[in-house]
Amino acid sequence: MDWKTGQTRIMIDPKLLRQSAAEVAINLAKRGYVFDSAAYQALDERRKTLQVETQQLQSERNSSSKAIGQAKAKGEDIAPLLAAVDDLGERLAKNESALGELQQEIADIEYDLPNLLEDSVPEGRSEDDNVEIRKWGERTDFAFAVRDHIEIGESLGMLKFEAASKISGARFTVMNGALARLQRALIQFMLDTHTSEHGYEETYVPYLVHRHALVGTGQLPKFEEDLFKTDDETPFYLIPTAEVPVTNLARDTLFEADQLPQKFVAHTPCFRSEAGSYGQDTRGMIRQHQFEKVELVHFVAAGQSSAALEELTGHAELILQRLELAYRVVALCAGDVGFGSAKTYDIEVWLPGQEKYREISSCSTYNDYQARRMKARSRNPETGKPELIHTLNGSGVAAGRALIAVMENYQNEDGSIRVPKVLQTYMGGLEVIK
RNA sequence: GGAGAGGUGGCAGAGCGGUUGAAUGCACUGGUCUUGAAAACCAGCAAGGGUUAAUAGCCCUUCGUGGGUUCAAAUCCCACCCUCUCCGCCA
């Protein structure tokens with residue numbers, strides 16, 4: 001917290017933290033996060049004392065200065081007044097810097113706090129404890145030996161990992177011809193569906209962002225190692241998801257009540273360093289440094305976010321339904337919910353090549369966590385006072401993984417791929433890729 | 001890349017060392033007037049923090065961000081970020 005402005009950059013309501021530190025600790029413990037509420041409160045007590053003292057000195061300085069100004073205006077001798085404030089500045093500076101240090105100490109703790117979980121988040125420590133909410137569609141049944149997307153793509157000559165590694169090393173892909181077009185078709189289909197049927201506004205955003213944008217959405221300061229950045233003096237970061245630029249559209253904004261909700265959809269590439277995921281999904285297109293994604297973002301008034309999360313998740317699901325891909329929706333358990341999220345649904349699509357459901361979308365409500373960091377507010381029509389908005393986002397859906405799902409689920413015995421009905425118009429009427 | 005101008009309340013826009021947290025206009029809220037509405041007129045109207053039972057008072061902080069000068073900074077100095085104009089280069 002910045003003591004001068006009182007502005008906090010943490011994600012949990014600072015008042016709640018001070019008044020109900022123990023309750024906060026209980027909530028965070030569900031994630032497996034240990035928050036020493038007693039130590040925090042002790043620090044905060046010291047802060048209060050010091051702050052009152054400092055403000056008292058500031059008040060003295062202000063009234064003295066005012067008196068000097070008035071005396072000067074009347075042409076009186078100000079020398080005795082100046083003498084009276086002689087050491088005030090020094091005492092004040094001392095107090096201010098002590099308070100600043102203490103505030104920094106508190107801020108370091110606050111920065112490290114993940115968001116509060118909603119009550120409906122299931123308990124659990126790892127992804128094994130996630131709870132399946134619903135399933136849709138039949139897993140594809142094959143009368144022949146199933147191939148994974150790598151085999152299918154390489155034998156078609158349209159998916160080239162070696163070519164990519166010559167240029168950029170591991171975790172990149174080169175695609176050609178109908179397969180490259182199929183990914184574009186998926187993206188177009190998703191954008192069209194969300195804009196024309198779900199009321200989203202299509203948005204084009206920068207792929208390079210400044211640091212503060214990432215602090216706003218919560219990737220920073222904690223997850224620096226997951227991101228690519230330039231080595232400029234003021235570096236640009238490559239976006240790990242469109243969530244970052246799109247959500248930051250609400251930064252420093254005070255919405256009028258009738259301007260909400262707002263829904264945006266954007267297609268962007270996403271760049272992730274995938275540090276710490278060595279050995280995971282090293283083959284194929286599942287986990288890349290660069291992938292395409294269509295992202296959905298909602299800005300809603302406080303109190304509307306639970307309904308919005310269900311709505312947003314449904315929008316992502318419809319894409320898979322139209323593509324006739326089997327999937328399931330799981331509620332992430334407390335230990336698996338992301339740092340800034342209050343509640344998350346993952347949508348997992350059936351991949352025959354892996355004989356597994358794999359994540360293709362992650363839909364989260366952040367409640368006021370991101371809004372607090374971004375200073376995104378709306379005017380409460382009843383009180384006339386600004387209050388933090390709620391932000392949500394979800395993939396609708398990840399295009400690279402959707403491409404894998406189509407390749408594997410729509411494969412034929414001869415190695416060709418049928419084009420899903422809803423994509424054929426985007427493929428110039430093509431029905432089979434061979 | 002070079003040269004200049006600028007960043008002030010929800011918005012527009014004054015102020016350029018001292019009763020300025022900030023003129024004015026728009027928007028918004030309440031009132032007068034009106035059958036109702038509009039117009040006109042009157043009044044109110046920034047945010048965050050501390051203290052507190054309090055959304056009452058009182059106090060602190062905030063004029064892009066961070067430093068500095070000063071008894072005193074929106075106003076002066078430095079750095080950075082951002083915006084605009086012109087020149088160069090370029091898809």
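Lettering of chains follows the sequences in order, A, B, ..., and the numbering in each one begins at 1.
Side-chain contact annotation: A/Glu310 with A/Tyr345, donor-acceptor N/O pair under 3.5 Å present. A/Gln288 and A/Thr173 form a side-chain donor-acceptor contact under 3.5 Å, judged by distance and modelled atom types alone. A/Asp232 and A/Thr234 form no side-chain donor-acceptor contact under 3.5 Å, judged by distance and modelled atom types alone.
Taking atom P in both B/U65 and B/A3, the straight-line distance is 26 Å, to the nearest Å. Straight-line distance between the P atoms of B/C77 and B/U29: roughly 43 Å, to the nearest whole Å. Nucleotides B/A23 and B/A14 are separated by 6 Å at their C1' atoms, to the nearest Å. Look at the P atom in both B/A74 and B/G88: the space between them is 42 Å, to the nearest Å. For the P atom pair drawn from B/U19 and B/G25, the interatomic distance equals 22 Å after rounding to whole Å. Here the separation of B/A5 from B/G10, taken at their C1' atoms, is 26 Å to the nearest Å. Of the P atoms belonging to B/U24 and B/C45, the separation is 12 Å, rounded to the nearest Å. Nucleotides B/G49 and B/G21 have their C1' atoms positioned 15 Å apart, rounded to a whole Å.
Side chain of A/Gln55, nearest nucleotide from B/U19, B/G18, B/C60: B/C60. Comparing B/G50, B/G18, B/C60 by their nearest atom to the side chain of A/Ser59 picks out B/C60.
Distance CG (A/Asp13) to P (B/G49): 8 Å, rounded to an integer number of Å. Spacing between atom CD of A/Gln58 and atom C1' of B/G48 amounts to 14 Å, rounded to whole angstrom units. Rounded to whole Å, the distance from CG on A/Leu50 to P on B/C59 is 21 Å. With rounding to whole Å, A/Glu96 atom CD is found 20 Å from B/G49 atom P. Put simply, CD on A/Gln56 is 17 Å from P on B/G50, counting in whole angstrom units. Between the CD atom of A/Glu60 and the P atom of B/U61 there is a distance of 13 Å, given to the nearest Å. What separates NZ of A/Lys15 from P of B/U51 is a distance of 11 Å, to the nearest Å. Taking atom CG on A/Leu254 and atom P on B/A46, their separation rounds to 13 Å, with Å as the unit.
Pairing for B/A56 is absent, with no Watson-Crick or G-U wobble pair whose two atom distances lie under 3.5 Å. A 3.5 Å limit on both hydrogen-bonding distances identifies no Watson-Crick or G-U partner for B/A73. Pairing of B/A91, defined by two Watson-Crick or G-U wobble distances under 3.5 Å, is not identified with any nucleotide. Nucleotide B/C63 forms no Watson-Crick or G-U wobble pair with any nucleotide shown, as no partner meets the under 3.5 Å limit on both distances. Under the Watson-Crick or G-U wobble criterion, with both distances below 3.5 Å, B/U19 is left unpaired in every strand shown. Base-pair partner of B/U83: B/A5 (Watson-Crick or G-U wobble, both distances under 3.5 Å). A 3.5 Å limit on both hydrogen-bonding distances identifies B/A40 as the Watson-Crick or G-U partner of B/U32. Here B/A12 sits opposite B/U24 as a Watson-Crick or G-U wobble pair (both hydrogen-bonding atom distances under 3.5 Å).
Here A/Ser64 lies out of heavy-atom contact (under 4.0 Å) with every strand. Among the protein residues, A/Lys385 comes within range of the sugar-phosphate backbone only, with heavy atoms under 4.0 Å from sugar or phosphate atoms but none that close to a base. Using a 4.0 Å heavy-atom cutoff across all strands shown, A/His210 reaches sugar-phosphate atoms only and no base atom. Nucleic acid contact class of A/Ile68 (heavy atoms, under 4.0 Å, all strands): base. Here A/Arg211 lies out of heavy-atom contact (under 4.0 Å) with every strand.
Salt bridge A/Arg377/A/Glu387: absent, no basic N to carboxylate O contact under 4.0 Å. Ion pair A/Lys421/A/Glu431 not flagged as a salt bridge, since none of the NZ, NE, NH1 or NH2 atoms sits closer than 4.0 Å to an Asp/Glu carboxylate oxygen.
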Just the atom pairs and distances: protein N or O near nucleotides 20-28 of chain B's N or O, under 3.5 Å.
none

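Distance alone, capped at 3.5 Å, is enough to place a donor-acceptor pair between the A/Thr195 side chain and the A/Asp192 backbone. Side-chain atoms of A/Asn95 never come within 3.5 Å of backbone atoms of A/Ala98 as a donor-acceptor pair (strictly under, hydrogens ignored). For A/Thr230 (side chain) and A/Phe236 (main-chain N/O), a donor-acceptor pair under 3.5 Å exists by modelled atom type.
Of the residues in residues 222-251 of chain A, those lying under 4.0 Å from RNA chain B by heavy-atom distance are A/Thr234.
Remark: A/Arg377 is not in phosphate contact with B/A47, judged by side-chain N or O atoms under 4.0 Å from OP1 or OP2. Checking the phosphate oxygens (OP1, OP2) of B/U61, a side-chain nitrogen or oxygen of A/Asn62 falls inside 4.0 Å.
Mapping A/Asp252 and A/Arg61 onto RNA chain B by nearest heavy atom places A/Asp252 closer to the 5' end of the strand.
Side-chain contact check for A/Phe255 versus A/Arg379: every heavy-atom pair is 4.5 Å or farther apart. Considering only heavy atoms from C-beta on, A/Pro269 comes within 4.5 Å of A/Tyr207 through its side chain. Considering only heavy atoms from C-beta on, A/Arg272 stays 4.5 Å or farther from A/Asp226 through its side chain.
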**Message:** A/Val294 vs A/His194, test: side-chain contact (heavy atoms from CB on, under 4.5 Å). Steps then yes/no.
**Reply:** CA-CA 10 Å; A/Val294 170; A/His194 294 309; 4.2 Å; yes

